[in-house]
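This one's a predicted model, so the numbers in the text were calculated from it and none came from an experiment.
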Amino acid sequence: MTPLITAITILCVLGISLGQILFKKAAASIADATQWQQWVFNGWLITALALYGITTLVWIWVLRHAPPHLAYPFMGLAFLIVPCLGWMFLDEPIRWPTIVGGALILAGITVTARAS
């Protein structure tokens with residue numbers, strides 16, 4: 001993959017990860033899940049869906065220009081980024097199993113990237 005495609009791929013992963021945090025904020029802001037207005041007029045949810053939509057379109061562009069066996073392993077980075085964003089913005093703890101699992105995922109991505 002070229003450096004440009006690699007950078008755009010990483011931006012996709014960041015977008016997906018940020019979308020997860022926005023979905024969490026949306027869920028926390030819904031006081032009564034039976035009220036459709038709580039869903040339709042939820043700014044966090046609208047922003048998350050828009051970000052996911054844009055990121056999906058960019059991801060399709062990435063897949064047009066990079067083989068999936070090279071691009072897709074980068075999506076594993078979301079398993080590292082989402083807990084870090086949750087810790088930074090939602091005050092959620094990061095536990096040792098998450099760190100160990102994240103390190104294994106990062107090692108797998110490194111092996112995949114170097115093998116190609």
**Student:** Leu49 versus Phe23: any side-chain heavy-atom pair under 4.5 Å?
**Tutor:**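 Yes, their side chains come closer than 4.5 Å.
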**Student:** NZ of Lys24 to CG of Leu85: how many Å apart, nearest 0.5 Å?
**Tutor:**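 Taking NZ in Lys24 and CG in Leu85, the distance rounds to 14.0 Å.
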**Student:** Specify whether Trp36 and Phe41 have parallel, tilted or perpendicular ring planes, treating 30° as the upper limit for parallel and 60° as the lower limit for perpendicular.
**Tutor:**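 It falls in the tilted class, 30° to 60°.
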**Student:** Within the 4.5 Å heavy-atom criterion, are Leu80 and Leu77 side-chain neighbours or not?
**Tutor:**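 Yes, close enough: below the 4.5 Å cut-off.
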**Student:** If every non-hydrogen atom of Ile21 is compared with every non-hydrogen atom of Gly86, which pair is closest and at what distance?
**Tutor:**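 Heavy atoms only, the tightest pair is CD1-N, 3.6 Å.
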**Student:** Atom OG1 of Thr112 and atom CG of Leu70: how far apart are they, to the nearest 0.5 Å?
**Tutor:**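 Answer rounded to 0.5 Å: 9.0 Å.
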**Student:** Compare all side-chain heavy atoms of Phe74 with those of Met1 and state whether any distance is below 4.5 angstrom.
**Tutor:**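 Sidechains of Met1 and Phe74: in contact.
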**Student:** Check whether any side-chain heavy atom of Trp59 sits under 4.5 Å from a side-chain heavy atom of Val13, and report yes or no.
**Tutor:**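 SC-SC contact between Trp59 and Val13 ruled out.
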**Student:** Could you measure the distance from the CZ atom of Phe79 to the CD1 atom of Ile109? Nearest 0.5 Å is fine.
**Tutor:**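 So the gap between those two atoms works out to 9.5 Å.
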**Student:** Compare every heavy atom of Thr55 with every heavy atom of Cys12, then report the nearest pair and how far apart it is.
**Tutor:**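 That closest heavy-atom pairing would be O-CG2, 3.3 Å.
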**Student:** Calculate, to the nearest 0.5 Å, the distance between atoms OH and CD1 belonging to Tyr52 and Ile54 respectively.
**Tutor:**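 Between Tyr52 OH and Ile54 CD1, I get 13.5 Å after rounding to 0.5 Å.
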**Student:** Tell me whether Met75 shares a hydrophobic cluster with Leu18, the cluster being built from Ile, Leu, Val, Met, Phe, Trp, Tyr side chains joined at under 4.5 Å.
**Tutor:**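 Cluster IDs for Met75 and Leu18 differ.
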**Student:** Locate the shortest heavy-atom distance separating Asn42 from Ala26; write the atom from each residue and the value.
**Tutor:**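 Residues Asn42 and Ala26, closest heavy atoms: ND2-O, 3.2 Å.
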**Student:** Measure the CG-CG distance between Leu14 and Leu51 for me, rounded to the nearest 0.5 Å.
**Tutor:**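 The distance works out to 10.0 Å.
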**Student:** Looking only at heavy atoms, which two atoms of Ala48 and Gly19 are closest? And how far apart?
**Tutor:**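 Between these two residues, the closest heavy atoms are CB-O, 3.9 Å.
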**Student:** In Å, rounded to the nearest 0.5 Å, how long is the span from CG of Leu63 to CD1 of Ile5?
**Tutor:**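 That separation rounds to 10.5 Å.
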**Student:** Can you find a pair of side-chain heavy atoms, one from Leu90 and one from Lys25, that are under 4.5 Å apart?
**Tutor:**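 In short, these two side chains touch, coming nearer than 4.5 Å.
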